[in-house]
Amino acid sequence: MAKGITTKEENYSQWYNDIVRKADLAEISAVRGSMVIKPYGYAIWEKMQSVLDGMFKETGHENAYFPLFIPKSFFSKEASHVEGFAKECAVVTHYRLKNDEKTGEIVVDEDAKLEEELIVRPTSETIIWDSYRNWIQSYRDLPLLINQWANVVRWEMRTRLFLRTAEFLWQEGHTAHETREEAVKEAELILKIYADFAEKWMGMPVLKGVKSPNERFAGAIETYCIESLMQDGKALQAGTSHFLGQNFAKAFEVQFLSRENKLEYVWATSWGVSTRLIGALIMSHSDNNGLVLPPRLAPIQVVIVPIYKNTGQLDAISEKVKGIMQELKAKGISVKYDNRDTRKPGFKFSEWELKGVPVRLAIGPRDLENGTVEVARRDTLEKEILQMADIAEKLVNLLEKIQDNIYQKAFTFRDNNTFYVDNWEAFKERIEQGGFVYAHWDGTAETEQKIKDETKATIRLIPIDGKAEAGKCVYSDEPSTGRVVFARAY
RNA sequence: CGGGGUAUGGCCCAGUCCGGUCAAGGCGCCUGCUUUGGGAGCAGGAGAUCGCAGGUUCGAAUCCUGCUACCCCGACCA
């Protein structure tokens, strides 16, 4: 077990915090509820960004940037949307500071009050749709497929590193379409992109589905989501994609001339994933030795640690390592040579384990003699001695194997923590233990609320490819046509 | 926003009840020597107006009042 990391079993929240801090991903900042993302953590976000950005571009989306500040009046235009965010908006009321005449302290200049207050965006639908009104006139302008990478602010009461902070980074896509069908298809396409990204890159299995009306995004007709199961048995929403119907088009008067020369409102979607994904990544794979990163998102995929007794040996090893690094880089592997002379090998081993580097190579005098290298896997903590020949090729294969193994492990975990429950007593008991619980629901908000009140479990999603199955609601005994997924959630 | 807790070098923390060489210890940091195949050892060294503002007192980390920040548990949320 690693020094300074609380075990998962002892205290899961503390374990999570310890990993974030000790792996040098982020730290609490001086600003209440906001965090500093440190270089190693940010490098993971950059990898996520680059992959997702490629996927969006591949499907025809373009990036743009809209203002951080939104005039308050924009918020009154779509009522249900406002209700969803009103309680957590930061508001700019003044635009100038001054020195207090008596105390000399910096104070807000009350004379510099804004005519119209500005809201720091909690999400950008309103400001974007205000622009779209001018961008869209004809069906020829559609579809409009825009994404932006940005920060947003939601004034949360309780915050946790990466999972919920007052300010966070995300991408938000906002699209406009001619028809309802096309917009729905877009929302579903993005959901598939999110699910692919989660599974193939993050190594994190996800369920796909739609939200119940209660859990739906304020202002949406339908909210699609991916949900994954964390190691403590709690669910985490990892991405959402909304079909917004014509709500925003009507609120912001975005109309176009159709092929039939008729004036119509456009159909909209919006969708996003945030730095919360980093929290999901941590809680999906990591262990009591620290972070475990899937090779495809690891900032450093291979770290090389030299073992030596004197500078002569170090020079000989470094010479050898130079060649290996060139080979690895040629294969697209990111590699770091940890030749710090101020740390012993044992310390370096622990440190890189803590930081989740998928593969570690150790090379010492014995290896130079024998033409070998010690290869250690982070996911299984196994070590083996390999011949140096074709090492790059071997590592490419190993990294793929690790990526696959991490996914399989997470999948098996979810599988072992997925249950089908048909009576209320069993349901309450099961929810208490954690995991995804498939149960029948009568489809009413009242029942959903009562279940939440009594068990703290929410409907995470209604499965998209769920089989029709007649049954009776686990709470009310009313008829149901299919199972939905319940869980306690982050 | 309710309930509870904490605040002492970069980090973890002792000391607070019973005011007076009390600012202790560990980690980390710096220097030197010895070390280096799983978190090294020894020696020396730097670093704290004890969260902030008042008050009591000859004297306050310690007692009193007010404030602020953070953490945990709830309600709310990605």
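Model, not experiment: these values are computed from the prediction. When reading the values below, keep in mind they use all heavy atoms of this one structure, side chains included, and skip hydrogens, waters and symmetry mates. Lettering of chains follows the sequences in order, A, B, ..., and the numbering in each one begins at 1.
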When you compare U16(B) with U57(B), how far apart are their P atoms, in angstrom units rounded to a whole number? 24 Å

From CG of Leu163(A) over to P of C76(B), roughly how many Å is that when rounded to an integer? 18 Å

So if I take every side-chain heavy atom of Glu156(A) and compare against C77(B), G37(B), C72(B), which nucleotide ends up nearest? C77(B)

Checking all strands, does Lys383(A) fall into the base, sugar-phosphate, or nothing category for heavy-atom contacts under 4.0 angstrom? base

Proximal nucleotide (of G37(B), G74(B), C77(B)) relative to the Lys456(A) side chain: G74(B)

With Phe486(A), which of Tyr438(A), Phe427(A), Trp441(A) fulfils ring-ring contact (aromatic ring centres under 6.0 Å, His included)? Phe427(A)

Between Tyr475(A) and Lys450(A), is there a cation-pi geometry (under 6.0 Å to ring centre, at most 45° from the normal)? no

Take atom P in A7(B) and the same atom in C30(B), then report the distance between them in whole Å. 30 Å

Counting only side-chain N and O atoms of Lys344(A), is one of them less than 4.0 Å from OP1 or OP2 of G37(B)? yes

Between atom OH in Tyr12(A) and atom P in C72(B), what is the gap in whole Å? 15 Å

I'd like the P distance from G15(B) over to U62(B), given in whole Å. 15 Å

Whether the side chain of Glu353(A) and the base of G38(B) hold a donor-acceptor pair under 3.5 Å is what I'd like checked. yes

Using whole Å, report how far CG of Asp341(A) lies from P of U31(B). 12 Å

Within a radius of less than 6.0 Å around CG of Asp390(A), do more than 12 heavy atoms belonging to other residues, nucleotides or ligands occur? no

Secondary structure string for RNA chain B (Watson-Crick or G-U under 3.5 angstrom, | for other-strand pairs): ((((((((.[[[..)....(....]]].((((((.....)))))).....[[[[[..)....]]]]])))))))....

Per atom distances to the Arg360(A) side chain, the nearest of G39(B), G38(B), G37(B) is G38(B)

Between Asp232(A) and Lys234(A), does at least one N-O distance fall below 4.0 Å, as a salt bridge requires? no

With sugar-phosphate meaning primed atoms plus P, OP1 and OP2, does Thr165(A) contact a base, only sugar-phosphate, or nothing at under 4.0 Å between heavy atoms? base

Separation of the C1' atoms in G51(B) and G32(B), to the nearest angstrom: 39 Å

Reference residue His81(A); test ring-ring contact (aromatic ring centres under 6.0 Å, His included); the match among Phe252(A), Phe248(A), Phe74(A), Trp129(A): Phe248(A)

For nucleotides A75(B) and C29(B), find the distance between their C1' atoms and express it as a whole number of Å. 44 Å

Between Lys208(A) and Glu188(A) (salt bridge meaning N to carboxylate O under 4.0 Å), is one present in this structure? no

Arg378(A) bridged to Glu353(A) by N-O distance under 4.0 Å: no

Any base atoms under 4.0 Å from Asn310(A), or only sugar-phosphate, or nothing? Heavy atoms, all strands. nothing

Spacing of the C1' atoms in G19(B) and C63(B) (rounded, Å): 7 Å

Whole-Å distance separating the CG atom of Asp338(A) from the C1' atom of G38(B): 14 Å

Across the strands shown, which category fits Phe217(A) at heavy-atom distances under 4.0 angstrom: base, sugar-phosphate, nothing? nothing

Considering only atom C1', compute the distance from C50(B) to A43(B) and round it to an integer number of Å. 30 Å

Nearest-Å distance once atom C1' is located in both C70(B) and C27(B): 22 Å

Atom pair distance, as rounded to whole Å: CD1 in Ile363(A) and C1' in U36(B): 16 Å

Between C12(B) (C1') and Gln14(A) (CD): distance, integer Å: 12 Å

Give the rounded distance in Å between these two atoms: CZ of Arg160(A) and P of C70(B). 17 Å

If I take atom OH in residue Tyr490(A) and atom P in nucleotide G74(B), what distance separates them, rounded to the nearest angstrom? 12 Å

Looking only at the aromatic ring of each residue, does the gap between the centers of Phe56(A) and Trp271(A) stay below 6.0 angstrom? yes

Shortest side-chain distance from Lys452(A), nucleotide among C76(B), G38(B), G37(B): C76(B)

Considering heavy-atom distances to RNA chain B, does Gly33(A) or Arg164(A) have its closest nucleotide positioned more toward the 5' end? Gly33(A)

By nearest heavy atom, map Ile28(A) and Lys309(A) onto RNA chain B; which one lands nearer the 5' end? Lys309(A)

Under 6.0 Å from the six-membered ring centre of Trp352(A) and within 45° of its axis: does the NZ or CZ of Arg360(A) meet both? no

